[in-house]
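The structure presented is a predicted model; accordingly, all values stated were derived computationally and were not measured.
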Amino acid sequence: MTERSQISKATRVFKALSVEARVRMVELLKGHALCVNALARELNITPAAVSQHLRVLREADLLVPDKRGNFVHYRVNESTLAEWREQADRLLAPPGS
């Protein structure tokens, strides 16, 4: 991946995580996969709002959908989190380190 595409991906992740509900979703999904209705109950927001947030998180490649019968469960994309963590560390490191 080129530096430009890494920066672009990091930017998408930062934007996706700029909303509290999405950060809370990622925290919940780090523990285990959940469907839209379970996320809605946990976050006390509507399933429609959850779906909109999930779309943004999926576009940033932060989540992986897993179809289970009639439901889709979402889990965190660990490789994207690892890449993002590396980008954040590099961005926030003191100059010259």
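Contacts classified as ring-ring contact (aromatic ring centres under 6.0 Å, His included) and involving residues 6-38 (residues at least two apart or in different chains) are given here: Phe14-Trp84. Within the structure, the salt bridge (charged side-chain N to carboxylate O under 4.0 Å, His left out) test picks out the following pairs touching residues 48-62 (sequence neighbours left out): Lys9-Asp61, Arg55-Glu59. Within the structure, every pair that satisfies the side chain to side chain donor-acceptor pair (under 3.5 Å) test and touches residues 14-23, not counting sequence neighbours, is listed here: Arg22-His53. Sequence neighbours left out, not one pair with a member in residues 59-83 passes ring-ring contact (aromatic ring centres under 6.0 Å, His included).
Heavy atoms from other residues, nucleotides or ligands lying under 6.0 Å from CG of Asp89 number more than 12.
Shown here are the salt bridge (Lys or Arg N to Asp or Glu O under 4.0 Å) partners of Lys30, two or more places apart in sequence or in another chain: Glu27. Listed by chain and number, the residues in a side chain to side chain donor-acceptor pair (under 3.5 Å) with Asp66 are Arg68 (sequence neighbours excluded). Every residue was checked against the salt bridge (Lys or Arg N to Asp or Glu O under 4.0 Å) condition with Glu42, not counting sequence neighbours, and none meets it. With sequence neighbours excluded, the residues satisfying side chain to side chain contact (heavy atoms under 4.5 Å, CB included) with Ser51 are Val36. Shown here are the side chain to side chain donor-acceptor pair (under 3.5 Å) partners of Ser79, two or more places apart in sequence or in another chain: Asn77. Among residues two or more places apart in sequence or in another chain, the salt bridge (Lys or Arg N to Asp or Glu O under 4.0 Å) test is passed with Arg90 by Glu86. Legend: residues meeting salt bridge (Lys or Arg N to Asp or Glu O under 4.0 Å) with Arg24, ordered by chain and number and at least two apart, are absent. Residues satisfying the side chain to side chain contact (heavy atoms under 4.5 Å, CB included) test with Arg75, not counting sequence neighbours, are Ala33, Val64.
Within the 4.5 Å cutoff, the side chain of Leu57 has heavy atoms near those of the Leu17 side chain. Taking 4.5 Å as the limit, some side-chain heavy atom of Leu39 sits within range of a side-chain heavy atom of Leu29. Counting heavy atoms from C-beta on, the side chains of Val13 and Leu81 never come closer than 4.5 Å.
Cluster membership for Val56 and Val23, using ILVMFWY side-chain heavy atoms within less than 4.5 angstrom, is not shared. Follow the hydrophobic side-chain contacts under 4.5 Å out from Val19 and you never reach Leu34; the two are in separate clusters.
For Ala40 against Pro47, the heavy-atom pair with the smallest separation is CB-N, 3.8 Å.
Of the inter-residue distances, the one linking Leu43 atom CG with Met25 atom CE reads 5.5 Å to the nearest 0.5 angstrom. The distance from the OG1 atom of Thr80 to the CG atom of Leu63 is 9.0 Å, given to the nearest 0.5 Å. Rounding to the nearest 0.5 Å places CG of Asn70 at 11.5 Å from SG of Cys35.
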Test log, rule side-chain contact (heavy atoms from CB on, under 4.5 Å), inputs Val76 and Val26: CA-CA 7 Å; Val76 170; Val26 170; 4.3 Å; yes

